[in-house]
Structure formats: structure tokens, C-alpha cells
Amino acid sequence: MSDIPQERRVLTAIPGPKSAELQARRVAAVAAGVGSTLPVFTARAGGGIIEDVDGNRLIDFGSGIAVTSVGASAEAVVRRASAQLADFTHTCFMVTPYEGYVEVCEQLAELTPGDHAKKSALFNSGAEAVENAVKIARAYTKRTAVVVFDHGYHGRTNLTMALTSKNMPYKQGFGPFAPEVYRVPVAYGYRWPTGAENAGAEASAQAIDEITKQIGAENVAAIIIEPVLGEGGFIEPAKGFLPAIAQFAEDNGIVFVADEIQSGFCRTGQWFACEDEGIVPDLITTAKGIAGGLPLSAVTGRAEIMDAAHAGGLGGTYGGNPVACAGALGAIETMRELDLNGKAKRIEEIMKGRLAEMRSKLPNGDIIGDIRGRGAMIAIELVKSGTKDPDAAAAGALAKACHAEGLLVLTCGTYGNVLRFLPPLVIGEDLLNEGLDIIEQAFATI
Ligand SMILES: Cc1ncc(COP(=O)(O)O)c(C=O)c1O
């Protein structure tokens, strides 16, 4: 890890003057469609800290959207990627292959759920992995329909826009979208009309009924679900939902795809979130946390399904870049050595405890409608006092108040009313608690 001190430091307004200057250049040069949560320009980052160009040190509760689980400058990632950079940057695995790619696929076979024969293919981004999972499932089943869920997020390419639930900002004005994509209900416990305790059984029955009646199970190539829905608001499908959907897929020859791009690689206190209910997906998509910040993604799954696509049908110039593969091997080494699953569970214990305490102490504590998530993927859903009406303004105001104090937090959710916390798993407990103090103080400002 870089030697960046693990201490919050606020020297200027946030953003400071140097960030403001860079922001002016950015506005002139960078397309407006590419947003930023906080226009603070990074100088260096590591552990639980992001240091900006003005010398401020922010506590990081975002991990670059669940990417830098091992930190943004993890020793093993830097060491292995640097050595690889010096050896060669690229040959294209489809031209002349290299060992790192194979080793990452071997690691994926070992770490993902199930002891069946597995194979992988590597890509650059999460969206690319999801697109390829659909290609593979269609090649295997010789069917076309793809089923996704309310509140799901799978990316910003044409097919993954179609798979993504929320219109604004992801889809508005960017259609037409890919055909043969069908969306069905998910067991969103907090908002399920008959209560969270009924959500698993009722939502799975509804989803299965819609698939059967509206599409026909025999036409469905893949069912794709995030075991913990990320951008949709850190929704954990109520217990029983995932097993019922997975069983339905198995009974009907449908490829069950777990999109673990946000929830995978120790984020939820397990290597993969679907392990929580003993789910063994046919295919699993990974990215984000896999490579300590380098761009890498994968589709891993049953060998017979993965081999269904003809030679040359999968790939891409940069897919499984050797430097990114070296980074992934460094990230996996770090996760094992530092027991980052254990660390994620400890983060959950601290965060959920402190957040519950905040809710009970606050005069209007019921604006924290729900505290949820697993491991270091924790969120609070904000509502108007005395109701379940989403309060996106409160989430935005809280985030702003945290940013001003040097704590980077992100929002999410279909209704924009969820404040989510994704600290690097290597964050120190003192920084974690200091971040939670800032959140507590932020409540006083709204
Ligand atoms: C569950 C899930 N799938 C897919 C994606 C898309 O990944 P990428 O942004 O790398 O294309 C994301 C990104 O947030 C995600 O959270």
C-alpha cells in the first residue's frame, strides 16, 4: 500500500481550489454525460483514504463503486501489476496467450460456488461480462428470451441497458433497446405490500407465473439476477426468493446467472453473495473487486455451458489484459492473506450496530426506513417521517453534508433515496467509526 497516512484531513473547502481549477478544465474537455459524485480530483489513494490535489484526505466509503476492496494501492496488486508491466503490456490472448489469464480462470473455478467442472472467459467491464453471459446462455440453450428483475442493474451498453430496470439516468433517450428482455418482480422486503415475511414466497410465485404465462419457460435462455441488488438500492431479495428462482431455472433448462459484479469477491463477507442461501449458479459474472482497481471482468460457469459458444465467438482485443490479470492475482492473494471475508463481516457488525443506534437516538429516527445489506455492502433507505415515501432529497443532503466533512459516500436506489456504504475491506476500524460519526452529525444538518 502507498504510505498515505490513514487519517482524515480537511485543509480547504471540499472541493478545494486546485480541484476547482481542474473541474473547469474538465467541464471544457469532458463530455457532460460522464458525471462525478464529487468533483474532488485524486492525487493518491490507499487503505481507507483518498487524498486530493489540495492535500485533503477523505475517508473512502465508496471504493470507486465497490472496486478497491483491497484498497486502491494494495501491495500485492502494485507488485504483480508492475512486474507484468515491465515484462509486456499486451499480446492479445486471442493472438498469443499468456499464463496470467489461465491462472485467473483457475482461481475463478476454485473460488466460485459448486465443485463441478468450470471454465471462464475474461473481459474488461462488468457490462461486457453480462453481455457475454447472455451470448453463452443463448448458444447453449438455443433459446432467445432473457429474464431480469425489477430494480436490477447490469450496465450501460445496449443489451445491458435493456436488462437494467431504471430509466433515468441509464436509459433515457438512448433507445431503442435490445429485444427479448423481460422484467419480473423481485422480493424487495421493505416495500413488499404484504410484508417482508411474505416477500420471498409471493414474489417468486409472481415472477414464475409471469415467466410461464407471458414468455413460456421453454423460450427462456437465461435468468439474470444480482444476489444483492446494487444500484437498485442494496436490496437483499427476501429469503427463499433466490432458491425458488434457481430451482425453477433448473427444472426448465434455463441458465441461472448470478451477476456478482458488485456483490462478489468478499464484499458481502463471503466470496460470493449467492453462497448465503447455498445457491450454485450455472454462470456467474464478476468484475469490480476482482482486480484491485484494474479493468477486468469474467464469466465463469459450468464447463459444458461455457463451451457452447463456437471458437472465435467470444473474446475481444483487450479481454483479460495481462496487467489486469496480474492485478487480479494480487487482489485474490490479498483477500486470502488478510481474510477480507472476516473483515467484511466485522464492518457489517460495526456499521449496522452504529446505524441502528443512530436511528434510535435521532428525534426523527424513523426517516431511516431500513438498514440493510451484508458485509461491507450496507445501506440506509431514507423515507419521509411516519411514512415509507422515498426521500431522495434527504439522501442527497446527507451525502453533501458528509462530503463537506471529508467523508465520501454514494447514493443509489430506484427512488434515489438510499445512502450506500462500500468502504474498502482494508479500512481501519478507527476510520470506519470516524466516518460513522460524520454520518451521525450529518443527520443534524437535514
Ligand atoms: C451488478 C452489476 N452488473 C453490471 C455492472 C456493470 O459494470 P461496468 O460498469 O463495469 O460495466 C455493474 C456496475 O455497477 C453492477 O453493479
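Atoms within a ligand are numbered from 1 in the order they appear, just like the ligands themselves.
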Quick check on contacts: which atoms of ligand 1 are under 4.0 angstrom from a heavy atom of [X]?
| X | value |
| --- | --- |
| Glu226 | 1 (C) |
| Ser125 | 10 (O), 11 (O) |
| Ile261 | 2 (C), 3 (N), 4 (C), 5 (C), 12 (C), 15 (C) |

Q: May I ask whether Asp259 places a heavy atom under 4.0 Å from ligand 1?
A: yes
[X] and [Y] ion-paired at < 4.0 Å:
| X | Y | result |
| --- | --- | --- |
| Lys166 | Glu231 | no |
| Arg372 | Glu381 | yes |
| Lys345 | Glu348 | no |
| Glu180 | Arg143 | no |

Which heavy atom of the protein is the closest neighbour of [atom], given with residue, atom name and distance?
| atom | result |
| --- | --- |
| atom 8 (P) of ligand 1 | Gly126 N, 3.4 Å |
| atom 6 (C) of ligand 1 | Ala127 N, 3.6 Å |
| atom 12 (C) of ligand 1 | Tyr153 CE2, 3.5 Å |
| atom 16 (O) of ligand 1 | Gln262 NE2, 2.9 Å |
| atom 4 (C) of ligand 1 | His154 O, 3.3 Å |
| atom 13 (C) of ligand 1 | Lys288 CE, 3.3 Å |

(Q) I want to check something: taking the side chain as every heavy atom from C-beta on, are Ile223 and Val184 in contact at a cut-off of under 4.5 Å? (A)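 Heavy-atom side-chain distance check fails, nothing below 4.5 Å.
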Q. Is there a protein heavy atom at a distance of less than 4.0 Å from atom 10 (O) of ligand 1?
A.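 So atom 10 (O) of ligand 1 has protein heavy-atom neighbours under 4.0 Å.
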Q: Starting from the C-alpha separation in whole Å, work towards a yes-or-no answer on side chain to side chain contact (heavy atoms under 4.5 Å, CB included) for Asp276 and Lys239.
A: CA-CA 10 Å; Asp276 197 53; Lys239 290 282 175 237; 2.7 Å; yes
Q) Mind checking whether Phe265 and Phe272 have parallel, tilted or perpendicular rings, split at 30° and 60°? A) perpendicular
**Q.** More than 12 heavy atoms from other groups under 6.0 Å of NZ on Lys388
**A.** yes
